[in-house]
Q: 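Could you have a look at this structure, given as structure tokens, before my questions?
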Amino acid sequence: MAKFFTVGKYRSHNRKDHRFALPLLSLIVAGRPIETYDWSLGGFRISDYKGRPPVGDAVAVTELSYSPEHRAQVACKATVTRVILGKNQVAFSFKELDEAGFAFLEAASVQRLSILANQK
């Protein structure tokens with residue numbers, strides 16, 4: 001029996017960790033401050049930048065924040081997984097997520113629910 005899968009706009013996401021747009025995260029990636037389009041415990045998506053490493057290369061993530069009061073110094077590694085040329089975006093997956101990074105992202109996902117509740 002032949003195996004096949006759907007491609008294009010009708011294919012559902014096969015993502016283990018759901019991506020969130022809120023709260024907007026700021027990161028320090030390879031020494032640069034960057035804001036995310038979306039993020040999850042598995043990774044994040046950002047605007048492309050000059051000097052970006054090629055797909056497969058790892059970068060250091062040293063800080064996560066979503067407000068001046070909510071920031072964490074971390075020691076994480078993220079790998080460039082996709083370059084989305086038409087949107088000028090880059091997707092990264094966390095290769096190594098330390099305890100501080102994991103705890104921060106979990107707390108940010110709870111904060112997301114608070115933000116959504118206050119928008120109604």
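Heads up: numbering here begins at 1 and tracks the sequence.
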Q: Roughly how far, to the nearest 0.5 Å, is the OH atom of Tyr66 from the CH2 atom of Trp39?
A: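 The OH atom of Tyr66 is 8.5 Å from CH2 of Trp39, to the nearest 0.5 Å.
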
Q: The test is side-chain contact (heavy atoms from CB on, under 4.5 Å); show your working for Leu105 and Phe94 and say whether it passes.
A: CA-CA 12 Å; Leu105 293 175; Phe94 285 113; 3.8 Å; yes

Q: Which atom names give the shortest non-hydrogen contact between Phe92 and Val80, and what distance separates them?
A: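 Closest approach of Phe92 to Val80, heavy atoms only: CE2-CG2, 3.4 Å.
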
Q: Looking only at heavy atoms, what is the nearest atom pair of Cys76 and Leu97, with distance?
A: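 Shortest heavy-atom separation between Cys76 and Leu97 comes out as SG-CD1, 3.6 Å.
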
Q: Strictly distance-based, threshold 3.5 Å: is any side-chain N or O of Ser40 a donor or acceptor partner for the main-chain N or O of Gly42?
A: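 Here the side-chain-to-backbone pair exists.
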
Q: Report the distance from atom CD1 of Ile34 to atom OG of Ser26, rounding to the nearest 0.5 Å.
A: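 So the gap between those two atoms works out to 10.0 Å.
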
Q: With a 4.5 Å limit on heavy-atom distance, are the side chains of Ile28 and Val74 in contact?
A: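 The answer is no; the side chains never approach within 4.5 Å.
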
Q: Leu27, Tyr49: one ILVMFWY side-chain cluster at the under-4.5 Å cut-off?
A: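 Yes, because Leu27 and Tyr49 connect within a single hydrophobic cluster, where side-chain heavy atoms sit under 4.5 Å apart.
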
Q: Measure the spacing between CD of Gln111 and CG of Leu22 and express it to the nearest 0.5 Å.
A: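 Reported value, rounded in 0.5 Å steps: 10.0 Å.
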
Q: If you take all heavy atoms of Thr36 and Leu24, which pair is closest and at what distance?
A: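 Closest approach of Thr36 to Leu24: O-CD1, 2.9 Å.
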
Q: Distance-only, no hydrogens or angles: does the Thr81 side chain make a donor-acceptor pair with backbone N or O of Ala91 under 3.5 Å?
A: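 Side chain of Thr81 to backbone of Ala91: a pair is present.
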
Q: With rounding to the nearest 0.5 Å, note down the distance linking OG in Ser65 to CD in Glu35.
A: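 Answer for the OG-CD pair, Ser65 versus Glu35, is 8.5 Å.
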
Q: How close do Ala108 and Pro23 get, heavy atom to heavy atom, and via which atoms?
A: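 In terms of heavy atoms, the two residues are closest at O-CD, 3.2 Å.
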
Q: What is the distance from atom CD of Gln73 to atom CG of Leu64, rounded to the nearest 0.5 Å?
A: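 Interatomic distance, Gln73 CD to Leu64 CG, rounded to 0.5 Å: 9.0 Å.
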
Q: Is it possible for you to say whether Val90 and Ile84 belong to one hydrophobic cluster, with membership spreading through side-chain heavy-atom contacts below 4.5 Å?
A: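 Not linked; separate clusters.
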
Q: Does the side chain of Val59 come within less than 4.5 Å of Arg52's, by heavy atoms?
A: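 They are not in side-chain contact.
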
Q: Mark yes or no for whether Asp98, through its side chain, and Ala75, through its backbone, hold a donor-acceptor pair below 3.5 Å.
A: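 Looks like yes, one N/O pair under 3.5 Å.
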
Q: Minimum heavy-atom separation for Glu106 and Leu41, please, with both atom names.
A: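 Smallest heavy-atom distance, with atoms named: N-CD2, 4.2 Å.
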
Q: Minimum heavy-atom separation for Arg32 to Lys50, with atom names?
A: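 Closest heavy-atom pair between Arg32 and Lys50: NH2-O, 3.0 Å.
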
Q: Any chance you could measure Lys95, atom NZ, to Asp57, atom CG, to the nearest 0.5 Å?
A: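 CG of Asp57 is found 9.0 Å from NZ of Lys95.
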
Q: Quick check on the 6.0 Å ring-centre criterion: do Tyr37 and Phe44 meet it?
A: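 That pair fails the under 6.0 Å test.
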
